[in-house]
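Let me begin by presenting the structure, written as structure tokens, before commenting on it.
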Amino acid sequence: MGNTVQPMRSSFANADLVVCVLTSLPDFHCLASTILTSKTIYNVFQQHPRSIVRSVAYNLVGAALPQALRLVRCQHAQLYSKPVGELLGDDDIEKNPVLSSEDITRLVVIFNSVQELESLFSWRMKDRRFKTSQLFLAESTRFQKAMYRLCLFSAVYGREAYESGSDTDSEEMESELQEAQTLRKDFFGSFSTPELREIQRVESFLREILARAETVIFPAIPPTTNSLRSCYALYCAPHNVLDVYKEGLDIIDDWMDDTDESFFHDFMIGLTSVLVERKEPSVLPVNQKQPIIDEVIGEHDRCSQCQSDTVQGLDLWGPSNWSYLRGPPPHHSITHLLKGNLCANLADIAHFTTVLRETSSEQLFGGLFDYKTSAYNTWNKEDWLCQQCLEKFMRDHLHIWYLGQKVQGGHAIPDNCWYGYNCRTQTHKRAHAQKLNHWCEPIKGDAPPTQL
Ligand SMILES: [Zn+2]
Ligand SMILES: [Zn+2]
């Protein structure tokens with residue numbers, strides 16, 4: 001029979017078995033390498049290329065494949081500013097089941113970003129102990145679908161659709177904006193309320209990442225942010241928020257053009273309008289179960305030190321999530337945590353900033369614990385701390401840690417200034433700042449008397 005395995009001639013003689021292996025490969029890279037290993041396998045692939053490619057796409061992207069494909073195909077077809085009824089639908093994968101090489105290339109790119117964002121989402125919103133996604137399959141599918149839908153919204157009604165309005169007069173622009181808002185609202189109107197909540201959750205997660213990048217005083221993370229640059233990031237391409245996570249908000253300046261801000265400032269308002277029309281709260285109250293995640297690990301854990309009941313679980317910080325808290329360079333905000341007048345010390349502050357930039361979050365936070373003072377005897381590196389406790393700990397140790405870095409770096413440490421970190425002279429007399437060490441406790445009052 002045709003299906004008989006003939007090991008003596010070829011271990012791949014069974015075509016059905018080969019198809020079975022090919023359709024179970026996890027990604028296109030594996031598929032490409034596998035079909036190139038032998039002519040027999042290549043020939044089997046050539047007999048069923050479409051179904052094998054579709055299976056591998058499904059293995060890679062998972063249950064959110066219809067949403068991912070809808071996004072890449074609408075982008076490729078440049079369906080900008082089209083009414084929702086004229087866009088390709090989630091069912092396009094059934095109507096046009098053959099995946100082109102363009103589809104595949106785009107799928108792989110967007111999938112990689114969404115996958116990375118999912119890990120970040122999981123770390124921040126589900127399990128603070130792991131940087132890789134711990135989402136259950138159902139949670140992961142909900143996250144990914146919502147993410148692709150948000151990307152589709154941005155691709156069709158965002159920057160690509162309304163590039164540069166500089167040559168239109170204000171009346172034209174006003175009507176274009178009106179039209180845009182109607183199209184955007186109709187788009188959201190095509191989703192069920194739970195689906196809208198999921199999109200909203202993903203949006204607020206992305207806004208938190210943007211807020212983290214623009215935080216002035218470390219480590220306060222406001223729940224939402226509406227700065228122009230943040231709004232613009234969502235308007236351009238939500239998955240690029242990953243770049244902001246890694247490199248900071250400045251990279252958005254490279255994307256910005258002269259689009260009028262009214263086009264992107266209220267970019268997501270259509271979603272809220274649809275919810276309100278459905279007599280739903282515009283934002284889910286915090287005490288209600290939040291969308292996407294079914295179970296938060298350690299949800300009700302308390303701060304190891306203050307045991308505060310107002311800060312729990314996901315807002316506690318320890319070795320596994322210190323690096324989320326720190327935000328991208330240049331870390332100016334950490335400098336603001338220095339005691340007294342150190343942040344304006346003329347001799348060392350530039351060097352302090354350089355040392356900080358070269359120190360990973362783990363080295364920094366872990367290092368602070370290495371210089372723990374006796375008042376903190378009961379505090380441990382492994383503690384889960386609330387923001388307030390961690391900030392207090394940092395304030396009390398940052399200068400000691402830095403002095404330790406100087407010693408380790410072979411720098412000579414001059415005698416201590418009596419006024420220590422509180423000395424005012426260190427901020428306006430470079431010679432004084434260089435002559436004495438200020439990274440120490442004051443032993444004589446708070447500051448030099450003004451007569452001296
Ligand atoms: Zn605390
Ligand atoms: Zn001094």
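Being a predicted model, the structure only gives us computed values, none of them experimental. Residues take their numbers from the sequence shown, with the count starting at 1. We count ligands from 1, going down the list as the structure has it; atoms in each ligand are counted the same way.
Ring planes of Y235 and F264: tilted class, angle from 30 to 60°. Relative orientation of the W379 and F393 rings is parallel, given thresholds of 30° and 60° on the angle between their planes.
Q290 places a side-chain N or O within 3.5 Å of a backbone atom of Q288 that can act as its donor or acceptor partner.
Proximity of the aromatic rings of W439 and F352 is defined here by a centroid distance below 6.0 angstrom, and this criterion is met.
If you put the vertex on the Zn ion (ligand 2), SG of C423 and SG of C417 sit 120° apart, to the nearest 10°. Take the Zn ion (ligand 1) as the corner point: the lines to SG of C303 and to SG of C389 open at 110°, to the nearest 10 degrees.
Counting just the N/O/S atoms of H432, the one with the shortest distance to the Zn ion (ligand 2) is named NE2. Nearest N/O/S atom of H438 with respect to the Zn ion (ligand 2) is recorded as NE2.
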